[in-house]
Amino acid sequence: MTAMERVARCGVVPVIVLEDVARAVPTARALLAGGVDVMEITFRTAAARASIAAVVKEVPEMLVGAGTVISLEQLAQAAAAGAQFIVSPGSDEGVIAACIAKQLPILPGVVTPSEIMLGLRYGLNVFKFFPAENYGGLKTIKALSGPFPQSKFLPTGGISEKNAADYFADKCNVAVGGSWMATAEMIKTGDYAGITRKSAESVALFKAARG
Ligand code: 3PG
């Protein structure tokens, strides 16, 4: 199964910000216990690289992506750490081309037709739609799907259990991303039971929406 197939099967992609590498493996295990076997560890903290490496080594059932990859240097670090897919908030041609050269699946961030067309030029057809709620949410995704029926989206940004159901229900979306399943606060306080509960609830929402 490809990384994109795993993402689609899981239905949710938790966006994880880790300040402390020691929290990485317990967070991954908590997500897994709730039925979430995909996670995005973001390059917003100095702990990202080591956290990715730790989860790849200790939790082999988890598909680990590197998020917020905005430079070639971060991409090199993510690849060295063993990241199995790459997510970026935007569409940088250098990052996209380098991922393809490394055979690393990449979900570049898009909000406009031009950004989607850049990705299509590189043979990509799954995009992070970020920040989703600020850029018109599902309404914009449906409008973009008109000229780009081959493209699928991972909406992220401002989505939580309160508004995820409609995103889950729409087949334009391959999955839905966000931090609500494992917030910075939950990770900091070691609320792993809470992470497992929110993960299980999110998976149930996804399954209910897709029938
Ligand atoms: C991301 O990087 O994808 C977002 O920061 C996650 O957005 P959220 O915190 O609003 O879920």
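In each ligand, atom 1 is the first atom listed, and ligand 1 is the first ligand listed.
- When only non-hydrogen protein atoms are considered, atom 8 (P) of ligand 1 lies nearest to S179 OG, 3.5 Å.
- Under the 30°/60° scheme for interplanar angles, the aromatic rings of F153 and F127 are found to be tilted.
- Residue contact annotation: K128 has a non-hydrogen atom under 4.0 Å from ligand 1.
- The G178 neighbourhood of ligand 1 comprises atoms 11 (O), with distances under 4.0 Å to a heavy atom of that residue.
- Of all the atoms in ligand 1, the ones that sit under 4.0 Å from a non-hydrogen atom of G157 are 7 (O), 10 (O).
- Using a 4.0 angstrom heavy-atom cutoff, R44 counts as in contact with ligand 1.
- Within the 4.0 Å heavy-atom cutoff, G177 does not count among the residues contacting ligand 1.
- Numbered from 1 in the order shown, with element, the atoms of ligand 1 that lie under 4.0 Å from a heavy atom of V15 read 1 (C), 2 (O), 3 (O).
- Between E161 and K198 there is a salt bridge, with a side-chain nitrogen of the basic residue lying less than 4.0 Å from a carboxylate oxygen of the acidic one.
- For the side-chain contact (heavy atoms from CB on, under 4.5 Å) test with R29, the passing option among V59, I195, V55 is V59; the others fail.
- Distances from ligand 1 to the non-hydrogen atoms of T68 include no value under 4.0 Å.
- Rounding to the nearest 0.5 Å gives a distance of 9.5 Å between CD of Q74 and OG1 of T42.
- Remark: minimum distance from atom 10 (O) of ligand 1 to any protein heavy atom is reached at G158 N, 2.8 Å.
- For atom 4 (C) of ligand 1, the closest non-hydrogen atom of the protein is F130 CE1, 3.6 Å.
- Paired with V13 under the rule side-chain contact (heavy atoms from CB on, under 4.5 Å), one option of L107, L154, T156 passes, and it is L154.
- Here the protein heavy atom with the shortest distance to atom 6 (C) of ligand 1 is T156 CG2, 3.7 Å.
- Remark: the backbone N or O of G158 is paired with a side-chain donor or acceptor of N163 at under 3.5 angstrom.
- By the neighbour-count criterion of 12 heavy atoms within 6.0 Å, atom OH of Y135 is sparsely surrounded, having that number or fewer from other residues, nucleotides or ligands.
- For the pairing with L63, the side-chain contact (heavy atoms from CB on, under 4.5 Å) check across R9, R6, M39 returns one residue only, R6.
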